[in-house]
*Asks:* 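Next up is a structure, given as structure tokens.
Residues take their numbers from the sequence shown, with the count starting at 1.
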Amino acid sequence: EEPSQSALGIIVCSGAFEAFISIMILCNCASMGLDAHSQVVDDFDPNIRLGLDVSEQVFTSIFFLEFLARCKVFGWRYYVPDTVEKRWNFMDGCLVFFTGVLFTWVVPLLQAMFGFSAENPVLQTLSVLRAARLARLVRVAQKVPLFREAWMLIRGLGDSMRTLFWTCIVICFVTYVFAIFGLVTMVRDLKDELKHLEASSPDQAQTSELALVLSYMIGIDNLMYTLIQVLMGDSFHAITRPILHYISWSWLYFYSYIAVAVFVLMNLVTAIIVDNALSTSRLDEDMEVKQKEAGKAKDLQELKKLFTLMDADGSGTLSWSEFKDSFDDPEMARKWMLLDFQPEECKELFSLLDDGDGEIETDEFFDGLGRMKGMAQSKDIFRMQKSLDAMQGRLGAVESLVAKSYDGQALATPRTPRG
């Protein structure tokens, strides 16, 4: 959406506005941490508690006004998730409305109107969703160049969600298969061994140790949980070593699971995530090229419209009077200002675009403005280039004049005959 050129539009599109909102988001996240801390600490200062309540109202007001300002400047379609960028806008708007307006203003109002208790379990469950406002930190990482690497990590995590989902499914399947195999081949033997020890062995320590280990493995759910512990490398040798006393080949079972689930599967997942990241990077480069091409096409259309408006007689060229009148017209003057050209630069700009015949042709207009459009340095470079071209032309004329004078003097000088 094209932003409006009103004072509000200039403010909303400025870097200072984005910086202010980003700072407010960071401060709000800090206050939410203090708020969560105050709810579980008995001797928390009541004055700080009151300050947190006031700050919550302030932050909600700021974010809601920001939401309204963006709707005013960009239109309501700014929050319609029809593109990737607008999906983030849509998520940000939902966070502002549901975690701010709803839980900070609407829910307390309904609580006061209908007499709901603050201890109501439904309200307590809904209030937990306020923590989702922390997701606005994604907005900070996306908008602030300082957090570019953090945004890349967050985006990579989002792009890898599908891979992570199927990774969990495959790990569960592999663990399920190994758990069935372990129940059939090991747990039965361990149960028989425990019965034998309880009936014949006076060593209660050995019996208790085996009973404890067996409690981690009886049932497919317990064994799967134990295998996940093995997968994470979480002190699993305290479980596997006692089993070696009774089943000598059990090490092969556990290390086979580690080989399949850790060495093979995890490395494959890493390779897939890296490949997805590289593919996303290539797509980003292609998208950036397309955006630049679209921007150039848009700039060309704007210049064509500007040229058509300025060419009053439809001759296809711009005279000095037509060029000067464009800066006096309010609508065209605004377009010149959007291109970073001021009315006092009118004469100089005409001189830069004109090749010396007193009129600006279409190619001269598009080529010159296309090279000057953008940062102020572009105009300075173009101005310097035109000055150098003019100087080169004058030097060429002087050189030609000097050469002609030299040739004329040489012809006028009589030759002395050799004697």
*Asks:* More than 12 non-hydrogen atoms from neighbouring residues, nucleotides or ligands closer than 6.0 Å to CH2 on Trp105, yes or no?
*Replies:*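 It does: Trp105 CH2 has more than 12 such atoms within range.
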*Asks:* Quick check: do Tyr78 and Val73 have side-chain heavy atoms less than 4.5 Å from each other?
*Replies:*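 The answer is no; the side chains never approach within 4.5 Å.
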*Asks:* Compare every heavy atom of Val96 with every heavy atom of Phe63, then report the nearest pair and how far apart it is.
*Replies:*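 Looks like O-CG1, 3.7 Å.
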*Asks:* What distance do Ser55 atom OG and Asp53 atom CG have between them, rounded to the nearest 0.5 Å?
*Replies:*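 If we round to the nearest 0.5 Å, Ser55:OG and Asp53:CG are 7.5 Å apart.
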*Asks:* Between atom CD1 of Ile171 and atom CG of Leu227, what is the distance when rounded to the nearest 0.5 Å?
*Replies:*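 With rounding to 0.5 Å, CD1 (Ile171) is 12.0 Å from CG (Leu227).
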*Asks:* If you take all heavy atoms of Ala69 and Val12, which pair is closest and at what distance?
*Replies:*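 Shortest heavy-atom separation between Ala69 and Val12 comes out as CB-CG2, 4.0 Å.
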*Asks:* What is the distance from atom OH of Tyr253 to atom CD1 of Ile243, rounded to the nearest 0.5 Å?
*Replies:*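 Between Tyr253 OH and Ile243 CD1, I get 9.0 Å after rounding to 0.5 Å.
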*Asks:* With side chains defined as the heavy atoms from C-beta onward, is the minimum distance between Glu56 and Asn28 less than 4.5 Å?
*Replies:*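 Yes, at least one pair of side-chain atoms sits under 4.5 Å.
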*Asks:* If I compare all heavy atoms of Leu318 with all of Glu322, which pair ends up nearest, and what's the gap?
*Replies:*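 So the minimum-distance heavy-atom pair works out to CA-OE1, 3.4 Å.
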*Asks:* Indicate yes or no for a side-chain donor-acceptor contact from Thr175 to the backbone of Cys172 under 3.5 Å, with no hydrogens or angles considered.
*Replies:*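 Judged by distance alone, no pair lies under 3.5 Å.
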*Asks:* Could you measure the distance from the CG atom of Asp275 to the OG1 atom of Thr270? Nearest 0.5 Å is fine.
*Replies:*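 Here the interatomic distance stands at 12.5 Å.
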*Asks:* Using a 4.5 Å cut-off on heavy atoms from C-beta on, say whether the side chain of Trp251 contacts that of Thr240.
*Replies:*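 No, their side chains stay 4.5 Å or more apart.
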*Asks:* Where do Val260 and Leu265 land on the side-chain contact (heavy atoms from CB on, under 4.5 Å) test, with the steps shown first?
*Replies:* CA-CA 6 Å; Val260 173; Leu265 185 58; 5.7 Å; no
*Asks:* Identify the heavy atoms of Met266 and Thr167 that sit nearest to each other, and give their distance.
*Replies:*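 Nearest heavy atoms, Met266 then Thr167: CE-CG2, 4.0 Å.
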*Asks:* Say you draw a straight line from OG1 of Thr226 to OH of Tyr257; how long is it, rounded to the nearest 0.5 Å?
*Replies:*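 Rounded to the nearest 0.5 Å, the OG1-OH separation comes to 10.5 Å.
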*Asks:* With a 4.5 Å heavy-atom cut-off, do Phe178 and Met224 have their side chains touching?
*Replies:*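 Counting from C-beta outward, Phe178 and Met224 never come under 4.5 Å.
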*Asks:* Is there a side-chain contact between Asp189 and Tyr246, using heavy atoms and a 4.5 Å cut-off?
*Replies:*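 Asp189 vs Tyr246: side chains apart.
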*Asks:* In the structure I gave you, are the side-chain heavy atoms of Asn89 and Arg70 within less than 4.5 Å of one another anywhere?
*Replies:*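 Heavy-atom side-chain distance check fails, nothing below 4.5 Å.
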*Asks:* If every non-hydrogen atom of Pro242 is compared with every non-hydrogen atom of Ile239, which pair is closest and at what distance?
*Replies:*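 Taking every non-hydrogen atom into account, CD-O, 3.4 Å.
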*Asks:* Is there side-chain contact between Ser61 and Val58, with at least one heavy-atom pair below 4.5 Å?
*Replies:*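 In short, these two side chains do not touch, never coming nearer than 4.5 Å.
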*Asks:* Among residues at least two apart in sequence or on other chains, which ones pass ring-ring contact (aromatic ring centres under 6.0 Å, His included) with Tyr79?
*Replies:*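 Testing Tyr79 for ring-ring contact (aromatic ring centres under 6.0 Å, His included), a comparison that skips the adjacent residues, returns Phe67.
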*Asks:* Taking atom CD1 of Ile25 and atom CG of Leu95, what is their separation to the nearest 0.5 Å?
*Replies:*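 If we round to the nearest 0.5 Å, Ile25:CD1 and Leu95:CG are 9.5 Å apart.
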*Asks:* Given 3.5 Å as the limit, does a donor-acceptor pair link the side chain of Asp35 with the main chain of Ser31, or not?
*Replies:*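 No; zero donor-acceptor contacts below 3.5 Å.
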*Asks:* Shortest non-hydrogen contact from Ile273 to Ser160?
*Replies:*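 Answer, listing the atom of Ile273 first, then Ser160: CG2-OG, 3.5 Å.
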*Asks:* Considering residues, nucleotides and ligands other than Arg241, do more than 12 of their heavy atoms fall under 6.0 Å from its CZ?
*Replies:*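 It does not: Arg241 CZ has 12 such atoms or fewer within range.
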*Asks:* Checking side-chain contact (heavy atoms from CB on, under 4.5 Å) against Met217, which of Asn222, Leu223, Leu183 comes through?
*Replies:*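 Running side-chain contact (heavy atoms from CB on, under 4.5 Å) over Asn222, Leu223, Leu183 with Met217 returns exactly one hit, Leu223.
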*Asks:* With a 3.5 Å cut-off and sequence neighbours excluded, list the donor-acceptor pairs that the side chains of residues 228-237 form with protein atoms.
*Replies:*
from, atom 1, to, atom 2, distance (Å)
Gln229, NE2, Asp234, O, 2.7
His237, NE2, Tyr255, OH, 3.1

*Asks:* Just by modelled atom types, is the Phe44 backbone N or O under 3.5 Å from a matching donor or acceptor in the Ser38 side chain?
*Replies:*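 No: the side chain of Ser38 does not pair with the backbone of Phe44.
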